[in-house]
Protein chains: 2
Amino acid sequence: MYRQHANLSLDAASQVWQQASAEIVRSGQLDGLIAIERIGTRMRFFRDQEIYAEGDQGTCWFKVISGTVRISKLLADGRRHITEFCFAGDSFGFDAFEERVFSAEAVTDATVLRLPRGATERLIEEDPVFARHLRGEMLRSLDAAQHRLFLLGRMTACERVAAFLVELSERHDTRHRVDLPMSRCDIADHLGLTVETVCRVLSDFKRRRLIAAPNAHRMEFLDREALTAIAEH
Amino acid sequence: MYRQHANLSLDAASQVWQQASAEIVRSGQLDGLIAIERIGTRMRFFRDQEIYAEGDQGTCWFKVISGTVRISKLLADGRRHITEFCFAGDSFGFDAFEERVFSAEAVTDATVLRLPRGATERLIEEDPVFARHLRGEMLRSLDAAQHRLFLLGRMTACERVAAFLVELSERHDTRHRVDLPMSRCDIADHLGLTVETVCRVLSDFKRRRLIAAPNAHRMEFLDREALTAIAEH
DNA sequence: CGCCAGTTTGACCAAGATCAACGCAAGTGG
DNA sequence: CCACTTGCGTTGATCTTGGTCAAACTGGCG
């Protein structure tokens with residue numbers, strides 16, 4: 001098990017970045033939080049490019065502006081786990097005290113806002129609204145992680161995949177379909193399954209007419225109720 | 001699978017609690033944080049007693065003074081998952097925005113400090129040292145949860161049990177042994193396994209002379225290196 | 001002493017992993 | 001423009017880990 005994952009292009013020079021000072025971030029969750037725009041740097045990453053690696057100094061955190069990012073941990077023997085996928089508006093990277101224990105990579109081409117820790121701490125101390133916002137983000141992450149613990153610890157392959165599809169469609173606010181920008185391998189590593197099992201479950205859902213798949217990365221819900229029922233058992 | 005769990009004695013009247021105003025909390029991690037003593041209420045809970053339930057209003061968070069607490073989620077069909085065990089010095093219960101999604105129960109008789117949210121927010125705003133401490137606690141929780149994600153998603157039964165033993169002994173700073181105040185069922189529900197599997201793995205470790213068990217709730221390490229190696233694979 | 005809850009062990013079973021092959025579309029080079 | 005490659009995705013056959021079911025054991029307690 002645990003075959004090759006897409007190999008990263010480590011060409012750091014390809015990062016196109018620029019001060020985001022004057023720009024206005026188009027992302028729902030950023031409304032009214034122009035403060036972080038002032039202390040952040042906008043960066044672009046290409047597909048499969050590394051944003052930070054395990055072992056890096058964790059001197060900043062990030063906010064996704066567009067695209068998809070995966071947070072993962074890789075073991076020497078090839079086992080990988082993706083703790084979360086981040087989409088526009090999601091924050092990531094405030095997990096580390098010192099060294100990063102996880103790495104972050106772009107799943108698709110992505111733009112992120114990079115926020116240095118020092119400036120953030122200063123902002124926390126002088127802006128209670130921002131401080132509360134950040135605390136909220138951390139709580140949300142914690143909450144998400146704990147739901148995932150249940151999923152990994154106590155749910156079957158079918159339930160995991162159904163829950164994943166429903167969760168993604170809710171996060172993207174699309175009730176009738178869901179886009180899966182990541183590979184089957186990414187999904188498997190997120191759900192604690194193998195690629196084959198993910199495929200088989202999806203095929204099973206198609207056979208049972210719960211979903212339809214115009215292509216491998218777009219799923220349309222034919223029976224959302226049933227899917228939700230499976231997800232919540 | 002998923003048989004009966006210890007049934008809770010819901011006798012709320014049996015809670016013995018008292019203002020902790022003048023008392024000094026004996027717990028390493030509380031050093032220099034007398035501030036929270038002032039806003040907290042000390043409470044005692046007996047074995048298996050509920051501290052809060054799923055669906056309660058999350059108007060406060062807690063800090064364990066002595067004893068062991070488990071944070072868990074129970075599904076209608078009996079499947080349960082224990083997200084974490086908390087020992088003296090650990091904080092818990094700041095996961096909720098509104099309603100609690102998890103419940104907390106005493107694993108052994110336990111004393112906890114109950115901290116109302118309102119007073120905490122005020123303290124956060126006037127005491128930056130305390131604010132930073134609390135942020136640290138949250139990050140620690142997040143970090144722990146993410147390690148557990150890997151454990152549940154990608155580790156074998158042996159690796160999970162070994163990791164659990166090593167982790168507990170590290171948290172209690174006892175290199176040669178570890179106390180397991182919780183039942184095998186609790187351990188299983190924490191590691192995403194069944195009671196039987198936990199037993200079998202422990203028996204296997206005994207047979208391989210990695211551990212010895214004077215009784216069911218005390219394990220002595222005979223070969224800590226090997227155990228750590230299994231845990232980290 | 002007998003009961004009860006929790007723990008342990010064994011026999012058997014099934015969900016999901018592994019191994020292997022094939023399909024399919026996009027990209028590459030002759 | 002078309003063979004060839006390469007990276008995913010899908011499917012089938014087989015195997016293994018850990019779950020299920022059942023029974024025995026253990027220690028504490030009325």
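Chain A is the first sequence line, chain B the second, and so forth, proteins listed ahead of strands; every chain is numbered from 1.
- Inter-residue side-chain proximity for B:Leu193 and B:Val161 is flagged as met; some heavy-atom pair is nearer than 4.5 Å.
- With sequence neighbours left out, B:Phe92 forms a ring-ring contact (aromatic ring centres under 6.0 Å, His included) with B:Phe62.
- Within the structure, a side-chain polar atom (N or O) of B:Thr197 is placed less than 4.0 Å from OP1 or OP2 of D:dG19.
- In this structure, B:Asn215 places its CG atom 21 Å from P of C:dA5, rounding to the nearest Å.
- The phosphate of D:dT10 (OP1 or OP2) has a side-chain N or O of A:Arg184 nearer than 4.0 angstrom.
- Atom-to-atom, CG of B:Leu191 to P of D:dG18 comes out at 12 Å; the value is rounded to the nearest Å.
- Legend: residues meeting side chain to side chain contact (heavy atoms under 4.5 Å, CB included) with B:Arg184, ordered by chain and number and at least two apart, are B:Leu180, B:Ile187, B:Val195, B:Val198, B:Cys199, B:Leu202, B:Ala216, B:Met219.
- The salt bridge (Lys or Arg N to Asp or Glu O under 4.0 Å) contacts involving residues 156-167 of chain A comprise A:Arg148-A:Glu167, A:Glu159-B:Arg79, A:Glu167-A:Arg171, where partners must be two or more places apart or lie in separate chains.
- The nearest whole Å value for the distance from the CE atom in A:Met182 to the C1' atom in D:dC8 is 15 Å.
- In this view, B:His190 and B:Phe85, B:Phe164 satisfy the ring-ring contact (aromatic ring centres under 6.0 Å, His included) rule, not counting sequence neighbours.
- As a whole-Å value, the separation of A:Arg200 CZ from D:dG12 C1' is 8 Å.
- Interface residues of residues 201-214 of chain B facing DNA chain C, ordered by number: B:Ser203, B:Lys206; criterion, heavy-atom separation under 4.0 Å.
- With D:dC8, D:dG18, C:dT7 as the candidates, the nucleotide lying closest to the side chain of A:Arg47 is D:dC8.
- Picking from D:dG9, D:dA13, C:dG16 the nucleotide with the shortest atom distance to the side chain of A:Thr156 gives C:dG16.
- To the nearest angstrom, C1' of C:dT7 lies 18 Å from CZ of B:Arg218.
- Across the protein-nucleic acid pair, B:Met155 atom CE and C:dA17 atom P stand 16 Å apart, rounded to whole Å.
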Only pairs under 3.5 Å count here: list side-chain donor-acceptor contacts from residues 224-232 of chain B, not counting sequence neighbours, and write none if there are none.
residue, atom, partner, partner atom, Å
B:Arg224, NE, B:Arg175, O, 2.9
B:Arg224, NH2, B:Ser169, OG, 2.4
B:Thr228, OG1, B:Arg224, O, 2.6

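- Between A:Arg154 atom CZ and C:dG16 atom P there is a gap of 13 Å when expressed in whole angstrom units.
- Atom CG in A:Asp77 sits roughly 15 Å away from atom C1' in C:dA17 (whole-Å rounding).
- Here B:Thr194 reaches the OP1 or OP2 of D:dG19: one of its side-chain N or O atoms lies under 4.0 Å away.
- Taking side-chain N and O atoms only, B:His217 has a distance below 4.0 Å to OP1 or OP2 of C:dT7.
- Of all nucleotides listed (C:dA11, C:dT7, D:dA22), D:dA22 comes nearest to the side chain of B:Glu196.
- Contact check for B:Arg70 versus B:Asp186: side-chain heavy atoms found under the 4.5 Å cut-off.
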